Each structure stands twice: as structure tokens, then as C-alpha cells.
Amino acid sequence: MPEADEIGEDEEEMPLSLRLSIADTLTLGNATCGFMAVYFTTTGILIPHLTGDDQSVGMARHSAATAVILMLCAAVFDLFDGLVARKLRSSPMGAELDNLSDLISFGLAPAYFVLVYGMVADDAYQKVAAVGAVMVLLAVVLRLARFSCVTPTNGMFQGMPSPFGALTVVSIVLLELPFFATLLAILGTAWLMVSRVEYPKPRGRLAGAMLAWIVLSMGLLAAWAFDAPGGQLLLQTGCALQLVMGAVIPLFATARRVNNFRDNRREARAAQLP
């Protein structure tokens with residue numbers, strides 16, 4: 001019976017790195033939502049378009065809304081797994097799981113959404129849209145790699161966070177602007193993700209505001225999907241606000257940094273006075 005005892009001991013001594021925490025489970029929920037967003041984009045938008053399904057307009061709207069809602073759910077999981085990890089604990093592989101899940105939900109899913117848009121939109125150019133999709137994917141890859149190597153300071157991120165960037169990209173597509181305007185806005189968002197422009201971390205009241213915005217966005221998408229009165233206008237308004245926030249939020253961060261710099265200089269000068 002010693003072999004059975006050894007097996008039992010091995011099971012009890014499972015390395016901590018192989019044990020999932022609650023935060024890790026939320027992170028896996030993030031990855032699942034991202035994968036399902038790709039699934040609905042394929043089955044509800046791309047395949048009906050390729051097969052020439054005349055009934056695909058309603059299906060495409062429902063599937064597009066579902067795919068974006070799943071990306072929003074992934075953002076909720078991403079928000080809460082960090083909060084839970086700080087309150088409880090995360091396994092040693094938590095950071096790796098988080099990066100891999102973010103790559104699926106906020107890199108692959110929005111990039112694929114852009115790619116499919118380039119295939120189904122009337123005024124789109126498929127190969128050019130593919131370049132935009134690749135830029136989005138590479139921006140998220142580079143951002144996540146940099147985040148793994150650089151420790152954020154003063155509660156600020158360098159570059160637009162990938163969840164916010166992904167939601168901005170899909171908002172640009174849903175606005176249904178002319179193709180090249182859409183492409184330029186997408187490339188601008190990809191640049192912001194790898195730039196050194198500062199964005200605040202979603203903590204405290206900001207995390208609550210972000211969660212409220214996500215829930216509101218889900219409601220706007222549902223109204224649009226079910227063709228509610230004014231649903232199209234509400235969705236476009238929400239998408240436009242997402243773009244405005246992406247541009248305005250770093251301005252507040254920059255203004256705060258400038259004010260802090262001025263205060264520090266003022267204090268330094270006051271200290272030098274006799």
C-alpha cells in the first residue's frame with residue numbers, strides 16, 4: 001500500500017502555482033467571454049454574409065450586439081478579478097492568466113470584429129480593414145508585454161488600457177462612419193494603447209463609474225438589437241461618448257500632473273526662502 005500513500009501525498013502537495021484562486025476563476029470568465037464574442041461574430045455576422053442569407057440583417061444586429069455585450073462582460077470580469085485579487089489573493093500564475101485572457105477578449109475579439117466589418121460593410125475595403133485589425137491586435141500584444149515589464153506608478157497606466165481600447169474600437173465600428181474615417185479612428189486608438197499617454201487606474205469611485213458605464217452600454221446595445229424606438233440614436237450617442245472619453249480622460253490626468261508639478265516647484269521655492 002505504500003504506492004497509494006505516495007499518490008495521496010502527491011495530490012495533497014499540489015504546487016500552489018497549480019491551484020486556481022477566486023480571482024483566477026474570474027479571469028477565466030474574461031477569456032470565455034472573449035472567445036464567445038468571436039463565436040457570435042462568426043456565426044451571426046460573417047457566415048450569413050458569406051452564404052447570402054437574406055434574413056441576416058436582423059441576425060447580424062443581434063449577433064453584433066451580443067458580441068459587444070460579451071466584450072463588456074469580459075471587462076467586468078477583468079475589473080473584478082483585480083479587486084478580488086487585492087482583497088483576497090491570487091495564485092502565482094494569476095498575472096499570466098490575466099494577460100492571456102486580456103489578449104483574447106481585448107485583442108483578438110475586437111480585432112476580429114474589425115476584420116469582419118471590413119468583409120461585410122458596403123463601403124469597406126477588406127484588405128485595408130485587415131491591416132487595421134492587425135494593428136489593433138499588435139497594439140494589445142505590445143501593451144500587455146510592456147505592462148508585464150513596467151510597474152505603474154501613482155495609480156496611472158501608460159497608454160489606454162486594453163479593455164477601454166477594445167470598447168473604443170468596437171464603438172468606432174458601430175458608429176458606421178465612412179470607411180476611411182473609421183480606419184483612421186481605429187489606428188488612432190491602437191496608437192493610444194501603446195503610447196505613453198496616462199490613464200487613471202479604475203479604483204474606488206472611478207471603478208464604480210466604469211461599472212455603471214458598462215451596464216448602461218449593455219442597455220443601449222440591447223435597445224439597438226431589439227430595434228427599440230430611438231435605439232439607433234441611443235447607441236450612436238453612447239459610442240460617441242466612448243470616443244470622447246477616450247480622448248478627454250488623459251487630458252484630466254495630464255492637467256493633474258501639471259498641477260502637481262507646479263505645486264512641487266512652489267513648495268521647493270518656498271523652502272529655499274530665508
Side-chain angles (χ1 to χ4, degrees), residues 26 28-49 53-81 83 101-102 104-122 124 136 161-177 182 185-186 189 202 206-246 249:
L26 293 173
L28 294 178
N30 171 3
T32 301
C33 288
F35 176 78
M36 293 306 296
V38 173
Y39 168 79
F40 278 101
T41 303
T42 302
T43 58
I45 303 175
L46 180 59
I47 292 178
H49 172 76
D53 187 355
D54 294 335
Q55 304 297 322
S56 63
V57 176
M59 183 187 303
R61 176 174 288 196
H62 282 83
S63 298
T66 302
V68 179
I69 286 174
L70 283 165
M71 291 184 219
L72 289 166
C73 290
V76 173
F77 279 119
D78 185 61
L79 178 64
F80 278 102
D81 69 2
L83 296 175
S101 297
D102 286 355
I104 295 171
S105 298
F106 312 126
L108 175 62
Y112 186 71
F113 197 80
V114 172
L115 182 66
V116 172
Y117 154 74
M119 299 176 70
V120 304
D122 294 333
V136 171
S162 53
F164 198 88
L167 299 181
T168 303
V169 166
V170 297
S171 294
I172 294 168
V173 174
L174 292 175
L175 271 175
E176 298 181 350
L177 300 171
T182 298
I186 289 172
T189 304
L206 184 58
M210 180 178 176
L211 182 60
W213 174 247
I214 289 174
V215 173
L216 176 61
S217 299
M218 290 180 178
L220 296 177
L221 284 162
W224 173 68
F226 290 101
D227 202 19
Q232 180 74 22
L233 178 60
L234 287 172
L235 178 70
Q236 291 181 339
T237 302
C239 291
L241 285 174
Q242 176 72 28
L243 269 64
V244 170
M245 287 193 296
I249 287 176

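All values derive from a computational prediction rather than experimental measurement.
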Look up atom [atom1] in [X] and atom [atom2] in [Y], then write down how far apart they are to the nearest 0.5 Å.
{"X": "Y112", "Y": "I45", "atom1": "OH", "atom2": "CD1", "value": "9.0 Å"}
{"X": "S162", "Y": "L167", "atom1": "OG", "atom2": "CG", "value": "9.5 Å"}
{"X": "I104", "Y": "M36", "atom1": "CD1", "atom2": "CE", "value": "13.0 Å"}

Give the minimum heavy-atom separation between [X] and [Y], together with the two atoms involved.
{"X": "G118", "Y": "A124", "answer": "O-CB, 3.6 Å"}
{"X": "A109", "Y": "V38", "answer": "CA-CG2, 3.9 Å"}
{"X": "V136", "Y": "V169", "answer": "CG2-CG2, 4.2 Å"}
{"X": "S105", "Y": "P110", "answer": "O-CD, 3.3 Å"}
{"X": "M119", "Y": "H49", "answer": "O-NE2, 3.1 Å"}
{"X": "S101", "Y": "A31", "answer": "OG-CB, 3.5 Å"}

Task: Residue from L177, V244, L175 passing side-chain contact (heavy atoms from CB on, under 4.5 Å) with C239 - done: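 Option passing the side-chain contact (heavy atoms from CB on, under 4.5 Å) with C239: L175.
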Task: Residue from L216, I214, L221 passing side-chain contact (heavy atoms from CB on, under 4.5 Å) with M218 - done: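 By the side-chain contact (heavy atoms from CB on, under 4.5 Å) criterion, M218 pairs with just one of L216, I214, L221: I214.
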Task: D102 and N30 side chains, donor-acceptor separation under 3.5 Å - done: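 On atom types as modelled, these side chains qualify, holding a pair under 3.5 Å.
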Can you confirm whether [X] sits close enough to [Y] that some side-chain heavy atom of one is under 4.5 Å from a side-chain heavy atom of the other?
{"X": "F164", "Y": "Q242", "result": "yes"}
{"X": "F106", "Y": "D78", "result": "yes"}
{"X": "T168", "Y": "M245", "result": "no"}
{"X": "F113", "Y": "L174", "result": "yes"}
{"X": "F80", "Y": "L211", "result": "yes"}
{"X": "I186", "Y": "V173", "result": "yes"}
{"X": "L108", "Y": "F35", "result": "no"}
{"X": "L241", "Y": "W213", "result": "yes"}

Compile the donor-acceptor pairs under 3.5 Å between side chains in residues 66-75 and protein atoms, sequence neighbours left out, one pair per line.
from	atom 1	to	atom 2	distance (Å)
T66	OG1	H62	O	2.7

- [ ] In sequence, state the C-alpha distance, the side-chain angles, and the governing distance for W224 and Q236, and then conclude on side chain to side chain donor-acceptor pair (under 3.5 Å).
- [x] CA-CA 9 Å; W224 173 68; Q236 291 181 339; over 6 Å; no
